Amino acid sequence: MHDPVRFLARPAPRVAPELLGWRLAIGPHVARITETEAYHGERDRACHASKGRTPRSAGLYARAGTLYVYLCYGMHWMLNLVCDDVDVPSAVLIRSIELPGIDPRASNGPGKVAKLLGLHRSHNGQHLDHGDLHLLPPLVPVKRRRRGPRVGVAYAGPGWAEKPWRWWEDGFPVVANRL
DNA sequence: CTCTAGATCTAT
DNA sequence: TAGATCTAGAGG
C-alpha cells in the first residue's frame with residue numbers, strides 16, 4: 001500500500017505514527033519526516049475543527065492528500081496533510097524533517113519545516129496529486145518510534161492536552177513542551 | 001468593529 | 001523569559 005493518498009485516507013492518529021520515514025518532495029528538496037502530530041475530529045479541542053466548519057478549518061474537511069497550511073502566531077506557516085474521509089476533519093502536522101546536509105536541530109519544528117520547504121499561503125488547499133509538493137514512501141525505515149503528548153495545546157484542556165498524539169523517530173531532537 | 005489568544009522561534 | 005507579528009473567531 002504505497003499510494004500516498006490511500007495511505008492518508010484513515011484517521012490521523014493512525015496515520016501519524018506510520019508517516020514517520022515517508023518523504024516530502026518539493027523543488028530540489030527531498031525531506032524525510034521525523035516527527036508528526038495528529039489532530040482529529042470536532043471533539044478534539046486542540047483541532048481547528050473543534051469549532052466546526054469555519055473559513056479556516058474548511059480545508060480539514062477536504063479529501064485525504066489535501067494540504068492544510070495556515071499561519072501561526074502571525075509568522076510561521078504550519079504544514080498539515082489532511083487525512084481520513086471527506087467531511088471528517090483530520091490531519092497530521094509535520095513537526096520535523098531530516099534534510100541532507102542540514103543540522104537536524106535546524107529542521108525540528110513545524111515553523112522551520114515550512115520555511116525550509118518554502119511552503120506558505122498559496123499551498124493551502126493544494127492536493128498532493130496536483131501541486132508541487134509530493135509524498136513518497138519511506139526509503140530508510142524508521143529505527144525506533146517514540147510517542148508523547150502534543151506540543152503547545154494546553155488550551156485544549158483535560159483529556160485533549162495530554163493525549164499522546166505526537167510521534168517521532170528516536171534519536172532526533174524534539175522541541176520540548178511548554179507549560 | 002474591537003479584542004484576544006494562538007499547533008512558534010530566536011535571542012536575551 | 002520576552003518580543004516579533006497577524007489573523008481567525010468571538011463578542012458587542
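Convention: sequence-line order gives letters A, B, ...; per-chain numbering from 1. As the structure is a prediction and not an experimental result, all values here were calculated from the model.
A:Y73 places its OH atom 12 Å from the P atom of B:dA5, with the value rounded to the nearest Å. Between the CH2 atom of A:W77 and the P atom of C:dT5 there is a distance of 15 Å, given to the nearest Å. One can place OH of A:Y39 at 4 Å from C1' of B:dA7, the figure rounded to the nearest angstrom. Atom NE2 of A:H120 and atom C1' of C:dT7 are 18 Å apart (whole Å). Atom CG of A:N124 and atom P of B:dA7 are 15 Å apart (whole Å). Taking atom CH2 of A:W160 as the reference point, atom P of B:dA7 lies 16 Å away to the nearest angstrom. Atom OH of A:Y155 is separated from atom C1' of B:dA7 by 5 Å (rounded to the nearest Å). Straight-line distance from the NZ atom of A:K163 to the C1' atom of B:dA7: 16 Å, rounded to whole Å.
Separating the P atom of B:dA5 from that of C:dA2 is a span of 16 Å, rounded to the nearest Å.
Residue A:M78 is in sugar-phosphate contact alone, with no base atom involved, counting any heavy-atom pair closer than 4.0 Å across all strands shown.
Not one side-chain nitrogen or oxygen of A:R166 sits closer than 4.0 Å to the OP1 or OP2 atom of B:dA7. Side-chain nitrogen and oxygen atoms of A:K115 include none within less than 4.0 Å of the OP1 or OP2 phosphate oxygen of B:dC9. Applying the 4.0 Å criterion to OP1 and OP2 of B:dA7, one finds that A:Y68 has every side-chain N and O outside that range.
Not a single side chain to side chain donor-acceptor pair (under 3.5 Å) links A:K163 to another residue, sequence neighbours left out.
For the pair A:R150 and A:D44, the minimum side-chain heavy-atom distance is below 4.5 Å. At a threshold of 4.5 Å between non-hydrogen side-chain atoms, the residues A:V113 and A:E35 do not count as touching. In this structure, A:L135 and A:I33 have side chains that are in contact, with non-hydrogen atoms separated by less than 4.5 Å.
In the set B:dT8, C:dA4, C:dT7, C:dA4 carries the atom at the smallest distance from any side-chain atom of A:M75.
Among the duplex regions that DNA chain B forms, those built from at least three successive Watson-Crick or G-U pairs under 3.5 Å are B:1-6 with C:6-11, B:8-11 with C:1-4, ordered by first number.
Ionic pairing of A:R53 and A:D87 is present here: one or more N-O contacts between side-chain nitrogen and carboxylate oxygen are shorter than 4.0 angstrom.
Of the residues listed (A:R144, A:R32, A:R95, A:R147), the one engaging A:E169 in a salt bridge (charged side-chain N to carboxylate O under 4.0 Å, His left out) is A:R32, and it is the only one.
In this structure, A:W22 and A:F7 have parallel ring planes: the angle between them is below the 30° cut-off, well short of the 60° mark.
Checking side-chain atoms of A:K112 against main-chain N and O of A:R105 turns up a donor-acceptor pair under 3.5 Å.
Considering OH of A:Y70 and CG of A:L79, their distance stands at 10.5 Å, rounded to 0.5 Å.
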Give me the distances for all protein-to-nucleotides 8-12 of chain C N/O pairs that come in under 3.5 Å?
unit_1, atom_1, unit_2, atom_2, d
C:dA8, O3', A:R56, NE, 3.4
C:dG9, OP1, A:T54, OG1, 2.4
C:dG9, OP2, A:T54, OG1, 3.2
C:dG9, OP2, A:R56, N, 3.4

